[in-house]
**Student:** 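Please find one structure pasted underneath; my questions will follow.
A note on names: the letters A, B, ... follow the listed sequences, proteins ahead of strands, and every chain is numbered from 1. Excluded from the calculations below are hydrogen atoms, water molecules and symmetry mates; all remaining heavy atoms, backbone and side chain alike, are included.
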Protein chains: 2
Amino acid sequence: MPATAPLSTIRSEVAPGRLADVQPPVFHAAGKEIYAQGEPADRLYRVEFGAVRIYRLLADGRRQISAFYLPGEVFGFEADGSHHFFAEAVCATGLRSFARASGDEAPREHLDMALRCLVRAQEHLLVVGRQNAVERIAAFLLDMADRQGGLEQFDIAMSRSDIGDYLGLTIETVSRVLSRLRAEGVIRLVSLRTVEIVKPRALRALSA
Amino acid sequence: MPATAPLSTIRSEVAPGRLADVQPPVFHAAGKEIYAQGEPADRLYRVEFGAVRIYRLLADGRRQISAFYLPGEVFGFEADGSHHFFAEAVCATGLRSFARASGDEAPREHLDMALRCLVRAQEHLLVVGRQNAVERIAAFLLDMADRQGGLEQFDIAMSRSDIGDYLGLTIETVSRVLSRLRAEGVIRLVSLRTVEIVKPRALRALSA
DNA sequence: CGAACGCTTGAGCAAATTCAAGTGCGGTGG
DNA sequence: CCACCGCACTTGAATTTGCTCAAGCGTTCG
């Protein structure tokens, strides 16, 4: 019976290759909206530096971040020509946008990127739907480390609140779990937003 | 500020139109595997009748169903040429398969279906990550009703266990919430697997 | 220097899970 | 045709996990 494949196998990085109508990079300050739910969706965005959050809100303000996008990754996929989600810069972020395919045929590259997003979203569903707080945080840390080159020490651009809204937890629970992992010597918090994975093996064991 | 758009706006139905290499329908008995995680993915499937569940397992057996597919809907999208999930027939099910696009260009239709799947998955993430048990069940019932033609009375092909694994709840919680909705006169359980929405308005109010 | 903000920590609480009986329906066989 | 069996579902009680509320800390910035 199946083990969960590492998220690393589905990186959504892409070479900007044969994508049409590429624009020069645009800078977005931390917290700035990139697009809003309901707006027409006609472009894709490639992260040059920084980070982006894609999210949705409930009427009472609850927020679910469905994905973060890091340098090299492409986002902006939406169905029916309009955005179903919000996109914001998590921190100072540079984006390069390019035209979505239109017409009867789409470049295979677009489809592949969309499919990788889909796999990622569905795998995240497993984390949020069936894993406890420690498992969620462990999976998050491993994913972030992996997507930033697999180094043991790395920065996380996002706040505890962003992490909570991504994992379906409160900021207090995020904080408590990080403290506990630190107390157990699994990770080291070099600074608030810099993590060192001291015991990758232990973390991996916790993540499932 | 944004309200959550109804799931109905992103049906993934499709006319089999210009899709290549369409095969005659294949029958799958309840519980039968359609494909497994790790298998090569080269075909798409259109549900003719019945229902399909797409899921993933954790090592200890916890299961997350990421989607159900109902008649008229298409599934089988996977990245990198292999399946990252399992697909099983929920009940007696007829499927028609056809070839995935290959080569440099993909039919727009494929991209659109994949994108609608993506939006659906991300919206489901909001339900699982940020809504309580009552809200999840209400959203599920409304979604099922909507996808079966919007009638007030409809069958659900799936067991309580399937529903729980889809919504990130235990079967006991699913059962309790359904009982409570029945006690409040919001729904009527015509039989175990047949639901009548008596107060659609109330149910909609509960779903967010 | 003080205010603001993001984060941490603690205590009590509530929602959902776990564990444990029951109930009822559908199917099988006497 | 009815009785029985099995399985899915329901219901209850106790427990646990994560949330809420509240206070305190530390860094940054005006």
**Student:** Which heavy-atom pair separates B:Arg62 from A:Ala208 by the least distance, and what is that distance?
**Tutor:**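 Heavy atoms of B:Arg62 and A:Ala208 come nearest at NH2-O, 3.1 Å.
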**Student:** Assuming nearest nucleotide by heavy-atom distance, tell me which of A:Glu172 and A:Ala133 is located more 5' along DNA chain D.
**Tutor:**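 Taking each residue's closest nucleotide, the earlier one in sequence belongs to A:Ala133.
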**Student:** Heavy atoms only: give me the nearest A:Val198-A:Gly185 pair and the separation to one decimal.
**Tutor:** CB-O, 3.5 Å
**Student:** Between A:Val174 and B:Val174, which has a closest nucleotide on DNA chain C that is more 5'?
**Tutor:**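 The residue closer to the strand's 5' end, by nearest nucleotide, is A:Val174.
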**Student:** Can you find an N or O donor on one side and an acceptor on the other, under 3.5 Å apart, linking the side chain of A:Arg176 with the base of C:dG10?
**Tutor:**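 Side chain to base: pair found, below 3.5 Å.
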**Student:** For a 4.0 angstrom threshold against heavy atoms of chain A, report the outermost contacting nucleotides of DNA chain D in 5' to 3' order.
**Tutor:** D:dG18 to D:dC21
**Student:** Are any of A:Arg160's side-chain N or O atoms less than 4.0 Å away from OP1 or OP2 of C:dT9?
**Tutor:** no
**Student:** Nearest heavy-atom pair of A:Ile171 and A:Ser161: which atoms, and what distance?
**Tutor:** CG2-CA, 3.2 Å
**Student:** With sugar-phosphate meaning primed atoms plus P, OP1 and OP2, does A:Leu178 contact a base, only sugar-phosphate, or nothing at under 4.0 Å between heavy atoms?
**Tutor:** nothing
**Student:** Have a look at A:Ser159 and say if it touches a base, only the backbone sugar-phosphate, or nothing, with a 4.0 Å heavy-atom cut-off.
**Tutor:**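 Sugar-phosphate only.
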**Student:** If I take atom CZ in residue A:Arg130 and atom P in nucleotide C:dT17, what distance separates them, rounded to the nearest angstrom?
**Tutor:** 7 Å
**Student:** Base, sugar-phosphate or nothing for B:Ser179? Non-hydrogen atoms, less than 4.0 Å.
**Tutor:**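 Sugar-phosphate contact only - B:Ser179 comes under 4.0 Å of backbone atoms but never of a base.
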**Student:** Would you please test B:Arg176 and B:Glu172 for salt bridge (charged side-chain N to carboxylate O under 4.0 Å, His left out) and show each step?
**Tutor:** CA-CA 6 Å; B:Arg176 270 185 258 272; B:Glu172 293 94 331; 5.6 Å; no
**Student:** Under 4.0 angstrom, heavy atoms only, what part of the nucleic acid is A:Arg182 near: base, sugar-phosphate, or nothing?
**Tutor:** sugar-phosphate
**Student:** Do A:Ile163 and A:Phe68 have side chains that approach each other closer than 4.5 Å (heavy atoms only, starting at C-beta)?
**Tutor:**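 No. Closest side-chain heavy atoms not under 4.5 Å.
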**Student:** Between A:Arg46 and A:Phe98, which heavy-atom pair has the shortest distance, and what is it?
**Tutor:**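 So the minimum-distance heavy-atom pair works out to CB-CE2, 4.1 Å.
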**Student:** Just compare C:dT18, C:dG6, C:dA16 and give me whichever is closest to any side-chain atom of A:Arg193.
**Tutor:**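 Selected nucleotide: C:dG6.
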**Student:** Assign A:Gly164 to base, sugar-phosphate, or nothing according to its heavy-atom contacts below 4.0 angstrom with the strands shown.
**Tutor:**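 Nothing, no nucleic acid heavy atom in range.
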**Student:** For the pair made of CG in B:Leu189 and P in C:dG24, what is the distance, rounded to whole Å?
**Tutor:** 14 Å
**Student:** Between B:His83 and B:Tyr35, how do the two ring planes meet: parallel, tilted or perpendicular, split at 30° and 60°?
**Tutor:** parallel
**Student:** Please tell me if the side chains of A:Tyr166 and A:His124 come closer than 4.5 Å, counting only heavy atoms from C-beta onward.
**Tutor:**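 Yes. Closest side-chain heavy atoms under 4.5 Å.
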**Student:** Measure the angle between the two terminal helix axes of the helix from C:dC1-D:dG30 to C:dG30-D:dC1, five base pairs each, and quote it to 10°.
**Tutor:**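 Comparing the axis at each end, I get an angle of 30°.
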**Student:** Within the pair B:Thr173 and C:dT17, is there a side-chain N or O less than 4.0 Å away from OP1 or OP2?
**Tutor:**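 So the side chain of B:Thr173 is within the cut-off, an N or O lying under 4.0 Å from OP1 or OP2 of C:dT17.
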**Student:** Which heavy atom in B:Tyr69 sits nearest to a heavy atom in B:Val74, and how many Å separate them?
**Tutor:**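 Minimum heavy-atom separation between B:Tyr69 and B:Val74: CE2-O, 3.5 Å.
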